[in-house]
Protein chains: 2
Amino acid sequence: MRVLGVDPGLTRCGWGVIDGLPGRKAKLVAVGVVRTDPDLPLAQRLLQVADGLTAVLRECLPDAVAVERVFARNDVSTIMGTAQASGIAMMLAAQHGLPVATHTPSEVKAAVTGNGRADKAQVTLMITKILGLAQAPKPADAADGLALAVCHLWRGGPTALAAGQDTAYHADPLASVAGSAGAPTAAQTAWARAAAAARAQPKEWRVPAR
Amino acid sequence: MRVLGVDPGLTRCGWGVIDGLPGRKAKLVAVGVVRTDPDLPLAQRLLQVADGLTAVLRECLPDAVAVERVFARNDVSTIMGTAQASGIAMMLAAQHGLPVATHTPSEVKAAVTGNGRADKAQVTLMITKILGLAQAPKPADAADGLALAVCHLWRGGPTALAAGQDTAYHADPLASVAGSAGAPTAAQTAWARAAAAARAQPKEWRVPAR
């Protein structure tokens, strides 16, 4: 199963694509950041986000998309742009016929590090280990996109995908740190087998040109 | 000049299209509401908003799009969906090569009724008068889309469009109530003349099929 994780943002929208199946090591496919020009009108910037994510969807052909859930919080200066970018990411995934799940930042941190309040450096370190990378993924912002994808693969993947609904999250830090999804259900196993049979070999690491 | 006004929302996204030029009476082109199914996943609902607005853009061929500006406010239960719908509306306008402006609810109310704190019934009544309609536009939610379009036509139209930037608003309730944009500047006149020359006669009132 190939998962695209999106950390929505207006100035920098981080994304990461991984391949993985329950019980197997996840593998990096591509990672990057869609940047927009702060001097442009808002509508143009949102279009840049849409164009960038559309290119990723077409180039990487994910089976599912995970987007960070945005909350209304104290920092209202950036929340609207983040919400708008997340809405565009979710809409584009649906437009490409893909199931979409959302995960909160603490869910992602817990899944990847075992600690829901881990800092950015810890998340980047664990993502580097989990994916077996020789060095930390760059740009740094994109590590969050990968963390979302890993969280989704381990946490809510097949079951939530089949239902086509937002993913419910069930914490299981031990399984996350071990790099395993734990014992899959019969339905998950069947789903994974079908997905594996239908898919060609994972492509090598590549970053779509912007 | 043809303006599409969008009152963003996830459950009901009101829109209205009008034709008008500085100093002339504005004319209704089409009005409607894009509805989404609350039982569907969020990504699917956002796609329904995008599909509906795309149909309006392609059918009505506006020259500019005005979207209500969304603020972070107390009602957090709906603010995220509204922000996401507004982001999609703005992105689609940019995707169609159209200039986008945003106006606050109080700007729209002031422009249409002369009172920034007018209620929904007053806005609907004035929109009905301004556009010379035999009856109030239906569905009622769509009147807000028309009000946005009227506000944009009278307030920030040509100048802001030329700059391609978000529209600054300058209150002038007298001009709004009179149904006139006041004396146009030389630049506005020139712009309006060019736009009129380039455009065919306005189409009759029609509502694109959903």
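Computed from a predicted model, the values in this text were never measured in an experiment. Lettering follows sequence order; numbering is per chain, from 1.
For the residue pair B/V100 and A/A43, the shortest heavy atom distance occurs at CG2-CB, 3.6 Å. Residues B/A83 and A/A83 come closest through the heavy atom pair CB-CB, 3.9 Å. Taking each heavy atom of B/I88 and A/M91 in turn, the nearest pair found is CD1-CB, 3.7 Å. Of all non-hydrogen atoms in B/L46 and A/M90, the two that sit nearest each other are CD1-CB, 4.1 Å.
Rounding to the nearest 0.5 Å places OG1 of B/T102 at 7.5 Å from CG of A/L42. In this structure, the separation between CE on B/M80 and CD1 on A/I79 is 4.5 Å, given to the nearest 0.5 Å.
Other residues, nucleotides and ligands contribute over 12 non-hydrogen atoms within 6.0 Å of the NZ atom of A/K120.
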